[in-house]
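Report on one structure; see the data block that follows.
Atom set for the values below is all heavy atoms of this structure, side chains included, hydrogens, waters and symmetry mates excluded.
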Number of protein chains: 2
Amino acid sequence: MATPKTAPRDRYHHGDLRNALTEAACELARVGGPAAVVLREVARRVGVSATAAYRYFAAADDLVDEVKHVALARLAESIERAVNAVPLEGDPGDVAVARLRASGEGYLDFAFSEPGLFQTAFSHEEIEHAPNEGKDFAESAAFQIFSGLLDEVLATGRMKPEARPGAEIAGWSMVHGFAVLSIDGPLGRHLPEEMKGFVRQRAIDILIRGLTVPGD
Amino acid sequence: MATPKTAPRDRYHHGDLRNALTEAACELARVGGPAAVVLREVARRVGVSATAAYRYFAAADDLVDEVKHVALARLAESIERAVNAVPLEGDPGDVAVARLRASGEGYLDFAFSEPGLFQTAFSHEEIEHAPNEGKDFAESAAFQIFSGLLDEVLATGRMKPEARPGAEIAGWSMVHGFAVLSIDGPLGRHLPEEMKGFVRQRAIDILIRGLTVPGD
DNA sequence: CCCCAGAAGTTGACGCCGTCAACATCGAGG
DNA sequence: CCTCGATGTTGACGGCGTCAACTTCTGGGG
């Protein structure tokens, strides 16, 4: 066992295939969306036979699931980054509202900068695939952050208590709907590029207006 | 040519294949979503060879497009039905707002009662498929109705003029996002059935609150 | 030291898919 | 009646996901 571990083993066997596959799958998804994640192509890119993937994934869908989790994590990072960029000085209510707004911006930043991954994050091939582990999203980091921000807003009095229930879902719906309609829906194709930014701000404005009460 | 047209011609040739194919494709989409629209299966159901479809559709995607247009039309019908069910008596502002709200309800009624068709209506296989005919959606009946309803609300003074631009897109985003998240997203799987209705009302409430000003 | 069990990857096959080129068939108009 | 164009069929190709059977590599115990 003198010098064996350093050589990069050109013809696979012992490089960490699983990670390599996941990475290749992510790249495919990034460029072409969920439909582009094709098991045989992933294997080809990694330089391995198609069936090799079955050592690590029970089926092709599981590979897509892996990408989905990666994408969801990146989405959460994007939101967190945007929220943390908001300066904390000034009226606490204003800060809370600004942070809430920023979370929406972070969501859309990710959706527009990585549309393929975003689409993959929300793809479910079949209408049903088990009562489910319950793990994949509502429990996800992104949702938790968003929920916490709404609590902040509530705590500063900038939201009426009766408006709090269901607020995360309404907010999520607005921002997600806008992303979806923009990325592969009609907005993306029919809206002049210069209006996109305007409309995006308006959507978030209307959401914030619906959720909060004016300051002072 | 005495009695030829009445006989139903069992072995295709001259029955209107195109319609039969479209209809079968719609049924597939209805039950299984866009992924279930498989050319060979459609042909099989109609009792015809797979390649027969190529007389009427240049490619399998064109068949899906056909379903998409049907689905979009049904969506518009559902919205129109809900809007027209609103009684016109009382304060015009209230009526306009009620009609606006009803359009959202009609949208969601369709999405939840025909999830497969709804998903198909908003599916686009590839990220790009031409600068596009521009026809498919923003010009669609549904969008026009929605836009008109917003104008009504504006005219009754229940919406501030500066809130009007971008309003249809914000509204569409909210309702569409809610539908998508509910049908094949996390809301559908993680939300107790009894809360669905509540959350749905809240989402629409928040939207209306964001778009309008209170009456009186 | 060697050797062998099991992990890691390959081969070849199957049935499904979309699509194409070549062929068969029907029915209306000269 | 006979031909010609529209309509549908056959058979093939390559790509896909998946499976069973095979090979090759590697580390740890005799």
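Contact of the Leu150(A) side chain with the Ser147(A) side chain is not registered, since no non-hydrogen atoms from C-beta on lie closer than 4.5 Å.
The side chain to side chain donor-acceptor pair (under 3.5 Å) search around Glu27(A) returns Arg30(A), not counting sequence neighbours. Legend: residues meeting ring-ring contact (aromatic ring centres under 6.0 Å, His included) with Phe110(A), ordered by chain and number and at least two apart, are absent. For Ala76(B), the side-chain contact (heavy atoms from CB on, under 4.5 Å) partners are Ala141(B), Ala142(B), not counting sequence neighbours.
If Ala52(B) and Glu41(A) are placed on DNA chain D by their nearest nucleotide, the residue sitting closer to the 5' end is Ala52(B). Nearest-nucleotide positions on DNA chain C place Ala53(A) closer to the 5' end than the other of Ala53(A) and Leu39(B).
A straight line from CG of Leu63(A) to P of dG17(D) spans 10 Å, rounded to a whole angstrom. Atom CG of Leu17(A) is separated from atom P of dG9(C) by 4 Å (rounded to the nearest Å). Computed from coordinates, the Asp61(A) CG to dC16(D) P distance equals 16 Å when rounded to whole Å. Look at CZ on Arg55(B): it is 14 Å from P on dT10(D), rounded to the nearest Å. Between Tyr54(B) atom OH and dC13(D) atom P there is a gap of 17 Å when expressed in whole angstrom units. The distance from atom CG of Leu21(A) to atom P of dG17(D) is 13 Å, rounded to the nearest whole Å. The nearest whole Å value for the distance from the CG atom in Asp62(B) to the P atom in dT19(C) is 9 Å. We find that CG of Leu28(A) is positioned 11 Å from P of dC16(D), with the value rounded to whole Å.
With hydrogens and angles ignored, no donor-acceptor pair under 3.5 angstrom links the side chain of Arg40(A) to the base of dG15(D). Side-chain to base pairing of Thr51(A) with dT11(C): one donor and one acceptor N or O lie within less than 3.5 Å of each other.
Backbone-only engagement by Ala60(A) is indicated by non-hydrogen atom pairs under 4.0 Å involving sugar-phosphate atoms exclusively. Across all strands, Arg44(B) comes closer than 4.0 Å only to sugar-phosphate atoms, never to a base (heavy-atom distances). Phe57(B) comes within 4.0 angstrom of nothing in the nucleic acid, heavy atoms only.
More than 12 heavy atoms of other shown residues, nucleotides or ligands fall within 6.0 angstrom of atom CZ in Arg164(A).
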Mind listing the side-chain donor-acceptor pairs of residues 46-59 of chain A below 3.5 Å, one per line with the distance, residues two or more places apart or on another chain?
none

Without placing hydrogens or testing angles, list every side-chain donor-acceptor pair under 3.5 Å for residues 192-203 of chain A, not counting sequence neighbours.
unit_1: Glu193(A); atom_1: OE1; unit_2: Lys196(A); atom_2: NZ; d: 3.2
unit_1: Arg200(A); atom_1: NE; unit_2: Glu105(A); atom_2: OE1; d: 3.0
unit_1: Arg200(A); atom_1: NH2; unit_2: Glu105(A); atom_2: O; d: 3.2
unit_1: Arg200(A); atom_1: NH2; unit_2: Glu105(A); atom_2: OE1; d: 2.7
unit_1: Arg200(A); atom_1: NH2; unit_2: Asp109(A); atom_2: OD1; d: 2.9
unit_1: Gln201(A); atom_1: NE2; unit_2: Glu105(A); atom_2: OE2; d: 3.1
unit_1: Arg202(A); atom_1: NE; unit_2: Pro165(B); atom_2: O; d: 3.1
unit_1: Arg202(A); atom_1: NH2; unit_2: Ala163(B); atom_2: O; d: 2.8

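Relative to the side chain of Ala59(A), the nucleotides dT7(D), dT19(C), dT18(D) differ in distance, and dT18(D) lies closest.
Between its opening and closing five pairs, the helix from dC1(C)-dG30(D) to dG30(C)-dC1(D) changes axis direction by 30°, a value rounded to 10 degrees.
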